[in-house]
Amino acid sequence: MAGVLQSAMSADELSIEASDIPALLELVRETADPKFGDYTATLAMPLAKRLGAKPRDLAERLIVRLNADTCFTRLFDHVTGPVGPGFINVRVRDDALACGVAAACGDPRLGVLPVAQSETIVLDYSSPNVAKPMHVGHIRSTVIGDALARILRFRGHRVITDNHLGDWGTQFGMILWGWKHCRDEAAYTADPTAELSRLYRLVRKVADAKPEELAADPEAAALAEAHPEAGREVLLETAKLHEGDAENRRLWDEFMPACRREIERIYGRLDVTFDHTLGESFFQPLLAGVVTDLTAAGLARESRGAIGVFLDGQETPLLIRKADGAFLYATTDLATLAWRAEHWQPDRILYVVDHRQSQHFQQVFTTARSWGCRAAERLAAMQLVHVAFGTVLGEDGKPFKTRAGAAVGLEALLDEGVERALAIVGEGEHARQGMDEAQRQEVAEAVGIGAIKYADLSQNRTTDYVFSFDKMLELKGNTAAYMQYAVARVEGIAGRGGIDREALRQQVAADPASIELADPRERRLALAALRLAAVLEDVEADYRPNLLTGWLFELAGLFSSFYDALPVLKAEGRQRTTRLALCDLTGRTLRQGLELLGIRVPLQM
RNA sequence: GCGCCCGUAGCUCAGUCGGAUAGAGCAUGGGAUUUCUAAUCCCAGGGUCGCUGGUUCGAGUCCAGCCGGGCGUACCA
């Protein structure tokens with residue numbers, strides 16, 4: 001709808017200004033206050049300045065043209081005149097809005113057209129370290145990345161998701177060292193990943209040898225005393241693995257399946273899937289070639305025993321080989337980048353990674369672009385984006401830890417969320433819904449895990465935020481539960497009224513005149529429901545899912561007010577049809593929006 | 001030192017490219033259920049947008065300086 005307004009404006013604009021119409025059209029937006037109409041254009045002011053005219057006069061001239069344009073008048077009410085310094089406020093015609101509602105009702109995609117230019121987009125997110133249990137720090141990348149993948153796909157792009165597992169780094173050296181020095185066979189047999197993560201946590205302390213940590217952990221302290229060279233030995237184990245040492249390789253082969261089953265289990269609960277899980281180990285055979293290539297190209301050179309890429313304007317080099325011969329994650333990232341360019345030929349690669357790595361990616365991207373590898377041409381044309389997000393902080397403003405100092409396990413968080421939801425599902429009002437145990441459990445999973453995801457997605461991804469268990473598991477206010485509840489109410493109406501929703505959609509789509517938006521609450525709801533396409537476009541432009549959550553919350557809020565004030569099933573004639581259509585459209589739209597965020601939507605709550 | 005990011009209500013945060021009276025949620029106080037799910041709705045209080053200056057019809061938003069905080073900064077990822 002906004003799009004049509006824009007084309008109307010642009011047709012007019014052409015006679016006044018030539019080239020920079022797109023920028024001017026950006027100055028059309030929704031109004032801040034409904035009393036100013038539905039949309040407002042602020043382009044008269046800057047344009048007038050450039051032309052040396054009075055803003056209000058220019059706005060007046062534009063308005064005359066708009067009112068004379070049939071394309072415009074078919075969709076918008078007659079514009080009376082400029083407001084204030086030169087605002088042009090327009091209001092969508094009620095019959096045009098009704099047509100929009102009817103069209104969306106009859107469309108499985110809710111009126112969202114696929115993008116004109118579909119692109120191949122590789123999305124790199126989650127990427128946990130298999131040696132460590134997943135914790136709250138992994139939520140953001142996983143949840144944001146998954147939501148972006150779903151949204152870009154829905155928009156019509158070819159999306160390839162790849163979970164770049166950390167399965168080849170120093171952490172594995174720690175596990176190997178721990179396995180050889182202090183393993184608990186029985187514990188390993190009973191629960192392999194639990195034992196491996198115990199070893200990881202223990203050996204990390206031993207290797208780091210920080211006095212305050214050792215003081216708090218007698219076992220680690222004893223080991224550190226017995227093995228003063230532990231730190232060096234861990235690196236040696238890592239190096240041996242990389243060099244193809246038979247025993248370390250055998251252990252790695254043995255540990256990996258269990259590690260991967262463990263993370264798959266968590267992804268299962270989160271409804272997160274990947275097209276590929278090519279971990280760091282997959283690219284390991286290519287690493288030596290990266291170093292040779294970059295050195296031969298003159299980009300990388302030896303320095304202090306290591307090999308690094310020295311870039312203009314960068315204080316420090318991007319190291320791609322350590323003095324001891326081992327490769328670093330920059331090496332893997334470069335190899336991965338080139339491999340993806342060659343095999344998937346993407347138009348874009350998005351990395352959903354903590355903002356603390358922005359410098360790293362900047363260096364990797366710059367290096368990749370000037371690298372004359374086989375995929376050089378592709379690489380040069382590719383858009384490489386670090387979709388950075390803020391750190392999750394504790395109340396002390398430092399990266400989040402529990403009181404005991406350990407990272408909060410992801411699974412424990414999920415369990416807690418489901419438990420809290422379960423307590424509410426069982427309360428008063430809901431008993432009458434007659435849900436059985438299995439249904440209650442299902443609703444609790446959707447609500448509890450939805451709350452956790454939503455807490456992350458609704459936050460502007462670029463800023464750090466203070467982790468609050470209570471806030472994240474909140475089930476009222478601006479949370480997933482609020483939207484889920486609104487959908488459940490729609491389902492309730494449809495069920496209680498015995499509504500054939502498919503028939504309703506067809507009827508409305510075939511006869512838009514059956515929609516009459518008489519009440520302002522109906523009108524506002526309709527206007528909001530039709531914004532899905534525009535919102536998704538904005539989400540893609542800046543990779544910001546919080547724009548979607550913000551709009552969903554607004555839509556659900558408008559629906560709740562509508563629901564509270566206006567009876568649906570008891571209405572009659574066109575009024576009933578209109579309200580039923582609005583319920584159906586809102587319910588479907590909210591459901592679609594939540595699903596694009598990876599949040600489940602139960603039929604009842 | 002250098003680079004990047006942040007500072008908005010008691011708390012947690014939105015605020016698009018500079019637009020009209022700076023918004024939500026939580027918390028606090030008041031009200032609403034013979035009527036489709038009260039996980040709801042309606043109303044109220046609450047602000048030096050870190051500070052100072054600049055740009056202009058208009059600045060939370062852009063520019064400069066300052067104060068405060070975070071992160072990164074050579075062989076972890």
Side-chain angles (χ1 to χ4, degrees), chain A residues 23 26-27 29 31-33 35-36 40 42 45-46 48-49 55 83-87 89 127 129 166 169-171 235 280 303-308 313-324 326-330 332-333 353-360 362 388 390-391 393 397-399 421 424-425 427-430 432-433 447 455 458-460 462-466 468 470-471 474-479 481-482 484-486 488-497 538 541-542 544 546-547 549-550 553-554 557 560-561 563-571 579 583 604-605:
Chain A
E26 289 294 311
L27 297 173
R29 61 191 58 173
T31 51
D33 190 317
K35 77 181 174 201
F36 296 124
T40 189
T42 61
M45 284 84 86
K49 183 189 288 185
V83 181
F87 293 111
N89 296 332
S127 309
N129 205 310
T170 309
Q171 325 71 27
L235 292 179
E280 291 175 339
S303 169
R304 298 183 209 171
I307 294 177
Q314 290 288 343
E315 202 178 331
T316 55
L318 180 71
L319 292 188
I320 53 176
R321 205 184 78 171
K322 299 202 278 190
D324 67 4
F327 302 112
L328 294 103
Y329 80 133
T332 315
D333 278 354
V353 181
D354 193 308
H355 77 284
R356 285 176 291 195
Q357 293 189 36
S358 60
Q359 192 177 345
H360 164 76
Q362 201 186 323
T391 315
L393 305 174
K398 293 183 174 156
I424 294 181
V425 177
E427 270 176 13
E429 194 74 29
H430 316 285
R432 77 166 192 248
Q433 301 303 321
V447 171
S458 59
Q459 177 101 14
N460 181 335
T462 59
T463 50
D464 290 350
Y465 76 91
V466 176
S468 158
D470 288 331
K471 191 200 166 212
E474 189 65 68
L475 296 173
K476 51 187 175 179
N478 186 4
T479 67
Y482 184 77
Q484 289 167 323
Y485 184 62
R489 284 171 142 187
V490 170
E491 299 292 344
I493 285 178
R496 189 166 292 243
D538 289 345
D542 287 317
R544 286 177 43 181
N546 74 311
L547 297 176
T549 63
F553 181 55
E554 186 190 332
S560 293
S561 298
Y563 180 94
D564 197 68
L566 309 172
V568 177
L569 294 174
K570 287 185 179 161
R579 291 180 183 170
C583 284
Q604 54 173 288
M605 280 175 73

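Within every chain, numbering begins at 1; the chains are lettered A, B, ... in the order of the sequence lines, protein sequences first and strands thereafter.
- Summarising the geometry, the separation between CD on A/Gln604 and P on B/U37 is reported as 11 Å, rounded to the nearest angstrom.
- Close to B/A14, at under 4.0 Å from its OP1 or OP2, lies a side-chain N or O of A/Gln459.
- Residue A/Phe553 is in sugar-phosphate contact alone, with no base atom involved, counting any heavy-atom pair closer than 4.0 Å across all strands shown.
- For A/Asn460, no side-chain nitrogen or oxygen approaches OP1 or OP2 of B/C13 to under 4.0 Å.
- Residues A/Glu491 and A/Thr479 both approach RNA chain B. Their nearest nucleotides, taken by heavy-atom distance, put A/Thr479 toward the 5′ side.
- Map A/Ala481 and A/Val83 each onto its nearest nucleotide of RNA chain B; the residue landing nearer the 5' end is A/Val83.
- Rounding to the nearest 0.5 Å places CD1 of A/Ile424 at 4.5 Å from CG of A/Leu475.
- Look at the P atom in both B/C51 and B/U61: the space between them is 10 Å, to the nearest Å.
- Here A/Thr463 reaches the OP1 or OP2 of B/A14: one of its side-chain N or O atoms lies under 4.0 Å away.
- Contact between the side-chain N/O atoms of A/Tyr482 and the OP1/OP2 oxygens of B/C41 is found at a separation under 4.0 Å.
- When the side-chain nitrogen and oxygen atoms of A/Tyr329 are compared with OP1 and OP2 of B/A77, none of them lie within a distance under 4.0 Å.
- Between A/Arg29 and the phosphate of B/G19, there is a side-chain N or O to OP1/OP2 separation shorter than 4.0 Å.
- Only the C1' atoms considered, B/C49 is 12 Å distant from B/G23, to the nearest whole Å.
- In this structure, a donor-acceptor pair under 3.5 Å is present between the side chains of A/Asn460 and A/Thr462.
- Taking side-chain N and O atoms only, A/Thr40 has no distance below 4.0 Å to OP1 or OP2 of B/G19.
- An OP1 or OP2 oxygen of B/U37 is reached within less than 4.0 angstrom by a side-chain nitrogen or oxygen of A/Arg496.
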Nucleotide N/O of nucleotides 26-33 of chain B paired with protein N/O under 3.5 Å:
unit_1 : atom_1 : unit_2   : atom_2 : d
B/A27  : OP1    : A/Lys476 : NZ     : 3.1

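- In this structure, A/Phe87 counts as stacked on the base of B/A20 under the 5.5 Å centre distance and 30° plane angle limits.
- When the side-chain nitrogen and oxygen atoms of A/Arg489 are compared with OP1 and OP2 of B/A38, one or more of them lie within a distance under 4.0 Å.
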